[in-house]
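Some notes on the structure that comes next.
All ligand and atom numbering here is 1-based and tracks the order in the structure. The structure displayed is predicted, hence computed values, not measured ones.
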Amino acid sequence: MKLSNIAIPTALAILANAEKAPVFKPFDKSQLSKSSFFEQFDSDDWSQLWKISKAKKDDEFSYTGEWAVEEHKIFPGLKGDKGLVLKTKAAHHAIHVPLETPFDNTDNTLVAQYEVKLQEGLSCGGAYVKLLSAEGGPSDDVEFNNESPYQVMFGPDKCGTTNKVHLILRRKNPNTGVYEEKHLAVPPLARTVKTSTLYTLIIEPTQEFEIRINGEVVKAGNLLDEGVFEPSFDPPKEIPDESDEKPADWDDRAKIPDPEQTEKPEDWDETAPYMIPDPEAVKPESWDESAEEFIPDPEAEKPEDWDEEEDGEWIAPTIPNPECEAHGCGKWIAPKIKNPAYKGKWTQPLIDNPDYKGEWAPKNIANPDWYHDATPSDLEPIGAIGFELWSMDADILFDDIYLGHSVEEAELIGNDTWAKKFELEQDAVLAYSDDTKANDESGAEEEVVKATGGDDAFAQLQSFIDDAQEYLDLFMSDPVNTLSSRPAEAALYGGLSFIVASIVLFVVSSILNVFTPAPTQAKKEKNPVAEAEAEVEVEQVETKEETTSTSVQE
Ligand SMILES: *[C@@H]1O[C@H](CO)[C@@H](O)[C@H](O)[C@H]1NC(C)=O
């Protein structure tokens with residue numbers, strides 16, 4: 001939903017609501033410890049502290065996306081409250097803030113927390129934060145780009161039906177010096193509402209970790225528990241021996257042709273046809289072989305301007321013989337059935353291979369690069385906090401960014417900033433919904449559901465169609481880049497149009513069936529609309545669970 005699409009009285013109502021809204025007051029930072037970082041974009045200092053990337057690729061700036069610090073453009077909370085806003089649709093954005101002193105998490109708790117407000121929704125794009133490595137990270141000489149090393153990547157990422165809150169830790173193998181990204185194997189779902197969402201990551205020195213959304217724990221576990229991170233923090237103890245070779249006499253054929261049956265049996269008739277006329281079928285008694293199936297149309301008349309000399313002899317067009325409606329006419333032919341004597345082409349039968357040794361696999365050896373990562377919570381020093389993002393949806397607002405060692409501080413901030421703001425935003429959503437309803441009965445509820453990311457199947461279908469439309473628009477304007485930057489979606493919407501085409505065909509054929517009193521079709525009583533919805537629900541079933549708790553439906 002865009003503000004420009006809102007009816008003028010509605011826009012006025014939102015403004016009126018904003019007029020009454022409490023005024024933003026900065027959070028009192030003296031409540032935080034000195035080592036904590038906190039940014040709420042409440043002063044012009046931000047432009048000195050935050051560095052917009054000027055990284056180049058092939059001599060051209062690759063991060064053309066713009067950043068701004070501005071007030072909320074939808075469902076405003078506190079008057080005068082500003083956030084950092086990603087401004088450009090379908091462009092790469094990168095910005096970071098260097099920390100005064102590197103953040104050291106050795107034997108300590110790490111708490112990273114920030115707000116995301118998807119003011120235009122999120123059809124395809126990231127809204128995650130990167131805690132950048134102090135070593136090799138951006139500096140006065142090195143611009144921030146997608147290759148800048150990070151320690152933690154955390155936050156929402158959504159494209160089409162893929163939706164997750166990433167949690168990735170980058171760990172170095174001390175034996176090889178190679179870094180590997182360790183991904184949370186089953187990440188929670190990101191909220192896709194247009195109100196502010198608070199994301200909190202807590203990593204304890206006990207290796208316990210927690211992800212909270214809006215102050216509620218949505219994921220908790222231990223970094224070292226099996227299967228929680230993929231790949232696991234410890235590399236495999238054993239690896240296949242690369243130098244091992246399959247012996248020349250290794251027989252890995254499970255089946256072999258039967259040596260006892262090398263010839264086609266005498267009675268095997270390869271020529272027997274697959275279908276034959278049904279020998280049991282009999283011509284119905286009423287069938288009239290003497291009557292013609294087609295007869296000249298008795299009502300046809302030779303056109304007046306027909307010239308036999310020029311046009312040749314006039315012959316009346318034929319029509320199906322009306323006499324044959326009740327019984328068959330013309331030569332009777334028995335219907336065909338599958339030939340029981342059909343054998344097809346003979347091939348030598350297969351038997352179990354007595355020399356079969358199974359699939360060959362190289363033997364395992366101890367992994368020379370193995371190490372035990374007992375404390376993945378001990379990150380390397382973090383030198384900066386950055387956003388390096390691409391998004392199909394502009395105006396993603398970030399705010400109240402915290403990095404520290406204290407869960408209490410994060411909760412204090414959450415309660416003092418996000419919670420107050422969120423309550424007002426919910427009021428704005430309701431005011432908008434009431435007002436739209438008064439002005440326009442028909443579309444109001446859908447709009448609210450869309451705005452709040454409600455779990456109504458229709459809203460999801462609608463937003464999915466919007467996403468597809470947006471993708472198509474982009475594709476029409478720049479097909480090559482769209483395909484290369486978002487290949488998964490191309491497949492998704494390509495597949496979707498096939499599904500839609502199938503549904504349309506299904507609906508049309510169902511309607512036709514209503515008018516065709518064929519007894520064999522009496523059973524088909526499926527509801528095409530319900531089917532279409534079921535289709536969408538399958539796609540959206542994950543998102544559903546996630547959106548319910550913040551939706552403001554009546
Ligand atoms: C507010 O504080 C309470 C405890 O003081 C905590 O449980 C809750 O998660 C906090 N809310 C947020 C949004 O941080």
Side-chain angles (χ1 to χ4, degrees), residues 21-33 35-42 72 74-79 81-84 103 105 108-119 122 127-129 131 152 154-156 165-167 184 187-206 208-222 385 396-430 452-453 545-552:
V23 177
F24 165 82
K25 276 193 224 70
F27 177 81
D28 177 8
K29 282 199 223 177
S30 69
Q31 303 172 85
L32 305 180
S33 101
S35 64
S36 301
F37 171 88
F38 182 62
E39 170 69 270
Q40 62 178 157
F41 304 101
D42 55 332
H72 300 214
I74 188 148
F75 305 130
L78 295 153
K79 226 172 115 181
D81 187 7
K82 291 180 181 175
L84 175 69
F103 183 88
N105 201 51
N108 213 334
T109 302
L110 173 139
V111 184
Q113 175 171 283
Y114 71 113
E115 277 167 31
V116 176
K117 182 161 175 172
L118 307 167
Q119 302 189 97
L122 191 63
Y128 43 80
V129 68
L131 305 182
V152 179
F154 169 61
V165 176
H166 277 294
L167 175 54
L184 179 60
L189 294 160
R191 295 279 154 87
T192 53
V193 294
K194 291 181 180 175
T195 46
S196 295
T197 303
L198 183 69
Y199 290 92
T200 311
L201 168 67
I202 301 166
I203 299 177
E204 300 282 5
T206 57
E208 300 288 322
F209 74 97
E210 218 171 86
I211 294 175
R212 297 182 186 178
I213 298 183
N214 295 352
E216 279 168 36
V217 178
V218 293
K219 187 93 196 177
N222 191 299
I385 300 172
I396 301 175
L397 185 145
F398 301 99
D399 206 357
D400 297 319
I401 302 164
Y402 171 80
L403 178 64
H405 300 294
S406 164
V407 176
E408 269 162 43
E409 286 184 358
E411 285 182 349
L412 186 66
I413 292 170
N415 281 314
D416 204 56
T417 61
W418 172 82
K420 288 179 182 166
K421 174 184 333 192
F422 185 63
E423 206 183 310
L424 294 163
E425 289 180 346
Q426 301 288 71
D427 291 348
V429 171
L430 287 177
T452 55
E545 162 200 326
E546 205 45 24
T547 42
T548 40
S549 57
T550 42
S551 66
V552 189

Practice prompt. Run through Leu397, Asp399, Thr197 and flag the one making a side chain to side chain contact (heavy atoms under 4.5 Å, CB included) with Glu115.
Written response: Asp399
Response to the item:
Shortest non-hydrogen pair, Leu118 vs Val193, comes out as CB-O, 3.6 Å
Item to complete: Enumerate the residue pairs fulfilling salt bridge (charged side-chain N to carboxylate O under 4.0 Å, His left out) with a member in residues 400-414, sequence neighbours excluded, ordered by first and then second residue.
Response: Arg212-Glu411, Asp400-Lys421
Discussion item. I'd like to check the side chain to side chain contact (heavy atoms under 4.5 Å, CB included) partners of Pro26; sequence neighbours left out, ordered by chain and number.
Written reply: Phe24, Gln40, Asp42
Worksheet entry | With sequence neighbours excluded, residues passing side-chain hydrogen bond (donor to acceptor under 3.5 Å, both in side chains) with Lys420 | Asp416
Fill in: Amino acids in close contact with ligand 1, where any non-hydrogen atom sits under 4.0 angstrom away
Leu198, Gly215, Glu411, Gly414, Asn415, Trp418
Practice prompt. Using the six-membered ring wherever Trp is involved, compare the ring planes of Tyr114 and Tyr199 and label them parallel, tilted or perpendicular (cut-offs 30° and 60°).
Written response: tilted
